[in-house]
Amino acid sequence: MQNLLHNLNDEQLAAVTLPAQSALILAGAGSGKTRVLTTRIAWLIQTGQVSPSGILAVTFTNKAAKEMMTRLSAMMPINTRGMWIGTFHGLCNRLLRTHYRDAALPQTFQILDSQDQLSAIKRLLKANNVDDEKFPPKEVMYFINGAKDQGLRADKIEPYNADERKKVELYQMYDDQCQREGVVDFAELLLRTYELLSRNQPLRQHYQQRFQHILVDEFQDTNDLQYKWLKLLAGHGEGGGGALFAVGDDDQSIYAFRGANVGNMIAFEREFHVKNLIKLEQNYRSHGHILDAANVLIANNSKRLGKNLRTDAGHGEQVRVYEATSDLGEAQWIIEETKNLIADGASRSEIAVLYRSNAQSRVIEHALFSAGIPYHVYGGLRYFQRAEVKHLISYLQLMDNPHNDSAFMRVVNFPTRGIGARTIENLQGASSQYGVSLYAAVPYMTGKGGTSLAGFVKLIESARFESQQMALPELVRLVLEASGLLTHYQTEKEGADRIENLEQMVSAATQFVAEEGYGHGAPAHLGPQSQAQAGAAIVNQDGVEILDADAPLATVMSPLSAFLSHASLEAGDNQATAGQQAVQMMTVHSAKGLEFNNVFITGLEEGLFPHESSSREEGGVEEERRLMYVAITRARQRLYLCFAQTRMLHGQTRYNMKSRFFDELPEDALKWLSAKSQPHWFANKKTAWDEAPMLGSDNAIAQKMQQKSSGWRIGESVEHAKFGEGVIVNIEGSGANARAQINFGSAGMKVLDLSIAKLERLAR
DNA sequence: ATACTGAAGCTTTTT
DNA sequence: GCTTCAGTAT
């Protein structure tokens with residue numbers, strides 16, 4: 001126990017050893033948050049305050065859950081079994097599998113990922129002749145998910161106009177469709193569990209009593225439903241239950257756009273009468289100048305719980321700032337500095353290039369590629385999202401639950417087996433006429449289409465029959481071949497990678513079976529035997545039998561069902577070339593939680609970062625500032641900020657002002673690298689890089705002429721007495737008639753007569 | 001059934 | 001400017 005608490009600072013120690021009451025830990029970036037969380041769990045168990053089964057630890061990502069598990073098992077070799085550590089969705093899946101009857105779900109219910117959900121909605125709209133111009137599928141999906149994230153069913157929504165009434169109706173129809181097909185979307189996992197526990201008192205009480213300590217990571221990212229879910233499990237308002245230990249950082253709340261509500265932190269403090277608010281402000285990551293920059297910047301936000309990071313490390317180097325003439329110039333500068341860093345002995349994987357939006361990566365990628373510097377771009381398609389893998393999964397899904405129409409549609413004619421659009425249309429007609437799934441509607445079909453459909457059904461049925469006694473990996477192999485997927489890609493020119501991905505599914509299945517504790521060679525279809533065998537059967541005082549979802553997943557669902565949930569809930573890595581010594585490129589969002597010795601934050605321009613769409617939303621700019629705060633605090637030793645005067649975006653050249661965030665950073669922490677009189681495109685010193693975007697266009701040359709005659713240049717920074725700082729976006733006319741279109745940022749876009757307007761040339 | 005072609009979209013993302 | 005997708009032409 002002594003070693004456990006050893007090396008914790010006073011704040012951390014206080015947090016770890018809090019009494020069993022609700023607590024809010026404000027954990028700054030790099031303050032040892034995960035350490036506190038895991039040590040808290042270990043301390044609770046080792047001091048005998050709780051047994052492992054009394055612990056519920058909730059995270060947002062599988063990665064975070066895994067990390068917690070790993071650290072815990074390093075702390076206490078034996079005791080991790082019985083603890084519930086997982087994501088909101090993973091835990092809900094487990095609960096719903098165990099109590100599927102009470103939750104009114106089929107035992108083999110399947111999970112739709114966002115892709116599947118969207119296509120399910122498209123199908124719904126089409127089947128009901130809904131005008132998808134007026135009700136775009138994405139918007140409908142957004143509406144449904146938004147409602148679910150707030151815990152609202154369709155019948156609880158009061159529509160305020162006709163369009164909304166239609167959306168509510170579609171929401172209800174969508175839920176009915178899902179229920180018919182035996183599928184649930186991500187939000188549904190949460191909502192269904194919440195409703196199950198609300199409605200079923202014995203069940204609720206059982207889990208409330210069981211989980212004496214509920215710990216939540218990244219609490220600032222919880223949405224309304226997740227907070228309600230936590231309150232329910234913690235027995236809030238029911239006189240007791242578990243102690244909720246919430247760890248989060250309001251300054252790092254960057255997911256409002258997907259429903260996260262920072263207000264949950266304040267609500268939690270109030271509703272749980274939190275006496276123990278502990279701030280972890282000691283930072284173990286960044287040098288002083290970097291931390292100063294972060295602190296001063298975030299102080300510009302009004303809605304904060306309040307926190308100031310400090311470090312024992314020295315000031316370190318100043319933050320280096322570079323103004324490039326173009327996005328290409330910016331990329332070129334990043335290459336130069338990266339080379340310098342590598343020459344200084346920096347590891348490539350300790351260099352991160354961050355950007356606000358994915359579109360920015362391409363220019364930088366190109367430059368890194370040309371310079372021969374290995375790089376790795378985060379984001380993009382995950383393993384289980386790849387088309388060929390999804391196809392294979394669809395076959396497996398149909399074998400486990402043939403009523404999954406999304407899966408049916410995906411593979412009924414892939415590889416092609418002569419089932420055309422007309423046949424499908426007829427089938428859909430039969431399906432809605434008889435109110436059954438597409439699969440179940442096949443027997444109603446006659447003629448040639450009916451025959452080929454029957455052939456498809458036979459394929460699924462016989463694969464299921466043949467695989468009855470097979471272990472999961474063999475089953476996957478069987479389907480791979482029986483489906484014709486393998487042959488299909490073998491004949492395709494570019495199919496080699498896809499075949500490799502498909503083959504990997506067999507190993508993924510092997511690995512899964514081993515890790516999840518399924519007996520070696522256990523038949524993939526073997527369901528949870530009897531309820532009595534699964535976990536301990538508990539009878540409460542009302543005589544209701546409760547099955548605790550304690551047992552390993554193996555006893556609650558078949559290997560195949562489990563594997564399919566795994567594929568939906570854990571999309572897998574997106575990095576094909578992991579482990580390579582490469583420069584790390586990613587959006588600021590995906591950098592959250594990571595740290596690097598050297599960090600570039602790129603594209604620091606008004607409109608890009610802060611993003612233009614943020615100014616339209618309430619609190620949008622504050623969220624962008626938190627995003628910038630996250631970006632800055634990723635850096636340990638060196639931080640580079642850069643921006644470009646001109647940038648190609650959506651096929652158009654844009655002239656942006658430098659980001660307002662520069663004005664919010666402490667001057668003495670910054671070192672401006674670009675000279676005050678930065679050469680523009682016309683200056684003698686110019687590179688091919690900088691020149692490139694202006695060449696090859698008569699229009700560009702004509703503009704140059706005009707610019708010359710007026711004495712002003714596009715892209716130039718100016719200051720106006722009334723409108724403040726701005727950037728010249730365009731110049732029309734010449735001489736006395738010259739007029740300039742100027743972007744004054746928050747003051748808006750103005751067209752000014754250059755012979756009249758008093759403009760100051762602004763040197764940066 | 002496949003291949004091309006035009007139009008739309010385009011901030012951030014995990015489950 | 002580039003990608004994705006739906007719809008049409010062959």
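Below, chains carry the letters A, B, ... as their sequence lines are ordered, and counting in each starts from 1.
Closest to the side chain of A:R382, from the set B:dA1, B:dT14, B:dT12, is B:dT14. Nearest to the side-chain atoms of A:T61 among the listed nucleotides B:dT12, C:dA6, B:dT14 stands B:dT14. Closest to the A:Y255 side chain, of the nucleotides C:dG1, B:dT13, B:dT14, is B:dT13. Distances from the side chain of A:T416 to the nucleotides B:dC10, B:dT12, B:dA1 place B:dA1 closest. For A:R362, counting side-chain heavy atoms from C-beta on, the closest listed nucleotide (B:dT13, C:dT3, C:dA6) is C:dT3. Relative to the side chain of A:H650, the nucleotides B:dT11, B:dT15, B:dT12 differ in distance, and B:dT11 lies closest. Nearest to the side chain of A:H89, among B:dT14, C:dA6, B:dT15, sits B:dT15.
Between A:N358 and the phosphate of B:dT11, there is no side-chain N or O to OP1/OP2 separation shorter than 4.0 Å. Under 4.0 angstrom from either OP1 or OP2 of B:dT14 there lies no side-chain N or O belonging to A:K63.
The separation between A:L649 atom CG and B:dG9 atom P is 17 Å, rounded to whole Å. One atom, CD of A:E218, and another, C1' of B:dT15, lie 14 Å apart when rounded to the nearest Å. One can place OH of A:Y629 at 24 Å from P of B:dT12, the figure rounded to the nearest angstrom. Atom CG of A:D149 and atom C1' of B:dT13 are 13 Å apart (whole Å). Atom CZ in A:R647 sits about 16 Å away from atom P in C:dC2, given to the nearest Å. Per the geometry, CD belonging to A:Q115 stands 13 Å off C1' belonging to C:dC5, to the nearest Å. Between the P atom of B:dT11 and the CE atom of A:M628 lies a distance of 21 Å, rounded to the nearest Å. At whole-Å resolution of the value, CZ in A:F88 and P in B:dT15 are 13 Å apart.
Residue contacts for A:K592: at a heavy-atom cut-off of 4.0 Å it reaches no nucleic acid atom on any strand shown. As judged by a 4.0 angstrom heavy-atom cut-off over every strand, A:Q117 is placed among residues making no nucleic acid contact. Looking at heavy-atom distances under 4.0 Å, A:D113 makes no contact with the nucleic acid at all.
Against DNA chain B, the stretch residues 186-195 of chain A makes heavy-atom approaches under 4.0 Å through A:F186.
Looking at A:S561 and A:R97, their side chains never bring a donor and an acceptor atom within 3.5 Å of each other. In this structure, a donor-acceptor pair under 3.5 Å is absent between the side chains of A:D116 and A:S406. A donor-acceptor pair shorter than 3.5 Å can be found between the side chains of A:E218 and A:Q220. At a cut-off of 3.5 Å, with distance as the only test, a side-chain donor of A:S613 or A:H611 sits close to an acceptor on the other residue.
Residues A:F643 and A:F609 place their aromatic rings such that the two centres sit no closer than 6.0 Å.
In this structure, A:F384 and A:F563 have perpendicular ring planes: the angle between them is above 60°, well past the 30° mark. Ring planes of A:Y489 and A:F414: tilted class, angle from 30 to 60°. Below 30°, between 30° and 60°, or above 60°: for A:H566 and A:F512 the angle between ring planes is between 30° and 60°, a tilted geometry. In this structure, A:F211 and A:Y207 have parallel ring planes: the angle between them is below the 30° cut-off, well short of the 60° mark.
Residue A:G420 is the one, among A:H611 and A:G420, whose nearest nucleotide of DNA chain B lies closer to the 5' end (criterion: closest heavy atom). Where A:L569 and A:S357 each meet DNA chain B at their nearest nucleotide, the meeting point lying more 5' is that of A:S357.
When the C1' atom is used for both B:dT12 and C:dC5, the distance is 23 Å, rounded to whole Å. Comparing the C1' positions of C:dT3 and B:dT14 gives a spacing of 23 Å, expressed to the nearest Å.
Not a single donor-acceptor pair, N or O on each side, falls under 3.5 Å between the base of B:dT13 and the side chain of A:S590.
Nucleotide B:dT12 carries an anti base; the chi torsion (O4'-C1'-N9-C4 or O4'-C1'-N1-C2) is more than 90° from 0.
Aromatic stacking is not marked for A:F60 over B:dT14, as the cut-offs of 5.5 Å for the centres and 30° for the planes do not both hold.
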